[in-house]
Chemist: 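One structure coming up, written as structure tokens, with questions to follow.
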Number of protein chains: 2
Amino acid sequence: MKTLSIKDIAVQANVSITTVSFIINGKAKEKSISEAVIEKVEKIIEESGYKPNQIARSLRTGNSNIIGLIIEDISNSFFSRIARLIEDKAYKRGYKIIYSSTENSVEKAKELINMFKSRKVDAYIISPIKGIEEDINMLLTDNKPVILFDRNLPDVDTNYVGADHFNASYQSIESFIKQGKKNIALVTTDIDVQQITERYEGYKKALEDNGIAYSDDLVVKVHFNQEEAETISQIKTLLESKKIDAVLFATNYLAISGLKVLKQINKKIGDDFAVIAYDDHEAFELHTPSISTVQQPLEEIAETVIKLILSQLSSKTKLENQQVIIPAKLIIRN
Amino acid sequence: MKTLSIKDIAVQANVSITTVSFIINGKAKEKSISEAVIEKVEKIIEESGYKPNQIARSLRTGNSNIIGLIIEDISNSFFSRIARLIEDKAYKRGYKIIYSSTENSVEKAKELINMFKSRKVDAYIISPIKGIEEDINMLLTDNKPVILFDRNLPDVDTNYVGADHFNASYQSIESFIKQGKKNIALVTTDIDVQQITERYEGYKKALEDNGIAYSDDLVVKVHFNQEEAETISQIKTLLESKKIDAVLFATNYLAISGLKVLKQINKKIGDDFAVIAYDDHEAFELHTPSISTVQQPLEEIAETVIKLILSQLSSKTKLENQQVIIPAKLIIRN
DNA sequence: GAGTTAACGTAAAACGTTTTACTAAATTCA
DNA sequence: TGAATTTAGTAAAACGTTTTACGTTAACTC
């Protein structure tokens, strides 16, 4: 069964292809097509189930109603939840999302950008990594809207939406200090992205402002792509060897590894040992005792990202770039 | 900066568009293009960074090197993990994935199929819901490869890959019985999809085979799209009112709600109360005590799905449909 | 040295739309 | 009434590829 084309509709309705096209695209009035013809054509379209070929459409118009979403890893719950929200909101506005994961590989990220480019996606939502600045700048000179989220790139002049990582981290540490903690550790990763460094800076600043000396010994930076076993052993070394009374985990998967360590070495969270995890996770509320956490405002981030995209897509002129920093929320559980 | 087209390359190389196209598509030898020309053209392509317009390509060839993935909800960790695996494997074979979530809505599922159709995706991977049988059958008459996974549709004659839900459920219940449990509850959902009914059937059969009477009182079917609060209250009613010594949760999110209930009512998992959750989740290993679980073979499912797709895409003739059932693994933790 | 074949390549149609520029008839205007 | 305008619609180019069918030469065969 050959799929229908606009031509088939035109022939059946005994009008020109142009007329059908105008009707499909809601330009019938403006192009003064008579009510009678409009109805006839619409009826035929309805009955035949004709759907325009989007590929042909894209080729002609140069756009696709598709937004490309590039994230680190869809199986990470932070990203999958935000992807779902973005997808949802975009969908309601008539846009579809194509997503792909970079796995923190510069090459894969570049390839993805190229793929999206040759598919003529209308706009890009990217949680970026260092090393793709040039590629992003090319998109910008192409006049494609680009929204970075979660992480910013200093050398790229575009829109950014993210949580206030510095303050969230700062407040977490302050809350430890208010509880009387003195030996506060940080477990973070060595990927060189802004949101991670901000969390680190917040940690340092909070210590400093409260007159506690910073010590390299209390900070573990696990290597990004390593096996979990390795991460666990690093964290174990930290927790076993030092007289630590509080730990901030800079990502949720680090916290999960950390909790596994605590279980192994049978160290209990309680009055003399506190934990906060960055990025919430279902496991944290359920844990006994419940784990305090920094919740990123997923809903607001998704909403802001989509709003920025849409305003750019609908505006003829280049809009001013925006940097939207949304406060994160420290949830103290116990 | 206008993006380059094949024509620009042809002009620069002083050859015809056809020649450039042959070279790009590796048909140069076959079409007897001289080595000198090949080299010249390739050099120009390399230096200019020219990338073929995939849209034009798709329009002409009718395919896209894109596989459509339709799942229930990307933010559910079962789906996001499998999506990641499928994406990965497809990517290595030169295919891209477009995914979208149906949220268990028949309309949205139909819309997605239509969208994918008008984007000319080469093949479909679908975790289906009842009500889209016809739409899928249309794809099949269009000769598009369709692989169902996780859930099967009895009225659709195509490929299916999934875990052995019946046996997994059966074994779970048997393991309870071996531990001496007598009052075994099942918490499941009311969506009418095969894998859920199979889990239910496995539960019933295991009881029967072991001479335990089935009782409707011990089965809770929560309504699919309801608020979690409602689910929690239903489960609470079950666990508080009955003398239950074991529970099988038919999905991981039900188990998570269940664990919240246990925490609330302060019921402990231990010698006289056992729990098994279907589909693993990070929270389960971490939980105190750890939660036993039925692990679906994600890796094998993803691999099988991709293999089936690729063999269909590369075969000229219609292949025999395959139903691949992969055993799930019961992980007893404590 | 005429006929074949191989080597090297190209022109042009086709994919299914959108959109620009146009026409013919009907209506309005002064 | 004749010119101007409006109404109702269309022909054809363009988007960037792939692919079919077709040229030229030059070399080979006998």
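Chain A is the first sequence line, chain B the second, and so forth, proteins listed ahead of strands; every chain is numbered from 1.
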Chemist: Assign B:Thr61 to base, sugar-phosphate, or nothing according to its heavy-atom contacts below 4.0 angstrom with the strands shown.
Modeler: sugar-phosphate
Chemist: Rounding to a whole Å, what distance do you find between A:Leu59:CG and C:dT19:C1'?
Modeler: 14 Å
Chemist: If the helix axis at each end comes from five base pairs, how far does the helix from C:dG1-D:dC30 to C:dA30-D:dT1 deviate from straight, to 10°?
Modeler: 50°
Chemist: Residues of residues 41-57 of chain A with any non-hydrogen atom less than 4.0 angstrom from an atom of DNA chain C: list those, numerically ordered, please.
Modeler: A:Tyr50, A:Pro52, A:Asn53, A:Ala56, A:Arg57
Chemist: Is the closest basic N to carboxylate O distance between B:Glu35 and B:Lys29 below 4.0 Å?
Modeler: yes
Chemist: If the cut-off is 4.0 Å, is B:Lys27 near the phosphate of D:dT19, judged by side-chain N/O to OP1 or OP2?
Modeler: yes
Chemist: Please determine if A:Glu111 and B:Lys96 form a salt bridge, counting it only when a charged side-chain N lies under 4.0 Å from a carboxylate O.
Modeler: no
Chemist: Nearest whole angstrom, please: distance from the C1' of D:dT7 to the NZ of A:Lys29.
Modeler: 14 Å
Chemist: State plainly whether the residues B:Glu103 and A:Arg84 are in salt-bridge range, i.e. N to O under 4.0 Å.
Modeler: yes
Chemist: Determine the interplanar angle of the A:Phe116 and A:Tyr124 rings, folded into 0 to 90°, and report it as parallel if under 30°, tilted if 30 to 60°, perpendicular if over 60°.
Modeler: tilted
Chemist: Could you tell me the separation between the CD atom of A:Glu30 and the P atom of D:dA8, rounded to a whole number of Å?
Modeler: 15 Å
Chemist: For A:Glu107, I'd like to know if atom CD has over 12 heavy atoms of other residues, nucleotides or ligands within 6.0 Å.
Modeler: no
Chemist: Any salt bridge linking A:Lys307 with A:Glu300? Criterion: basic side-chain nitrogen under 4.0 Å from a carboxylate oxygen.
Modeler: no
Chemist: Are there any protein N/O atoms within less than 3.5 Å of an N/O atom in nucleotides 6-13 of chain C, and if so, which ones and at what distance?
Modeler:
residue, atom, partner, partner atom, Å
C:dG9, OP2, B:Ser34, N, 2.7
C:dG9, OP2, B:Ser34, OG, 3.0
C:dT10, OP1, B:Ser16, N, 3.4
C:dT10, OP2, B:Ser16, N, 3.0
C:dT10, OP2, B:Ser16, OG, 2.9
C:dT10, OP2, B:Thr19, OG1, 2.4
C:dA11, N7, B:Thr18, OG1, 3.3
C:dA11, N6, B:Thr18, OG1, 2.9
C:dA12, N6, B:Thr18, OG1, 3.3

Chemist: Between A:Glu87 and B:Tyr99, is there a side-chain heavy-atom distance shorter than 4.5 Å?
Modeler: yes
Chemist: Starting at atom NZ of A:Lys120, determine the distance to atom C1' of C:dT17, rounded to an integer number of angstrom.
Modeler: 16 Å
Chemist: On a heavy-atom basis, which atom in A:Ile98 and which in A:Ile66 lie closest, and how many Å separate them?
Modeler: CG1-CG2, 3.2 Å
Chemist: If every non-hydrogen atom of B:Ile23 is compared with every non-hydrogen atom of B:Ile38, which pair is closest and at what distance?
Modeler: CD1-CA, 3.8 Å
Chemist: Heavy atoms only: give me the nearest B:Ile97-B:Leu69 pair and the separation to one decimal.
Modeler: CG2-CB, 3.8 Å
Chemist: Let me know the distance between CG of B:Asn63 and C1' of C:dG16, rounded to the nearest Å.
Modeler: 16 Å
Chemist: Quickly work out the B:Asn65 CG to D:dT18 P distance and round it to whole Å.
Modeler: 12 Å
Chemist: Is it true that B:Arg93 and B:Glu303 have a side-chain N and a carboxylate O under 4.0 angstrom from each other?
Modeler: yes
Chemist: D:dT19 P sits how many Å from B:Ile23 CD1, rounded?
Modeler: 15 Å
Chemist: A:Asn25 has an atom CG; how far is it from atom P of C:dT17, in whole Å?
Modeler: 11 Å
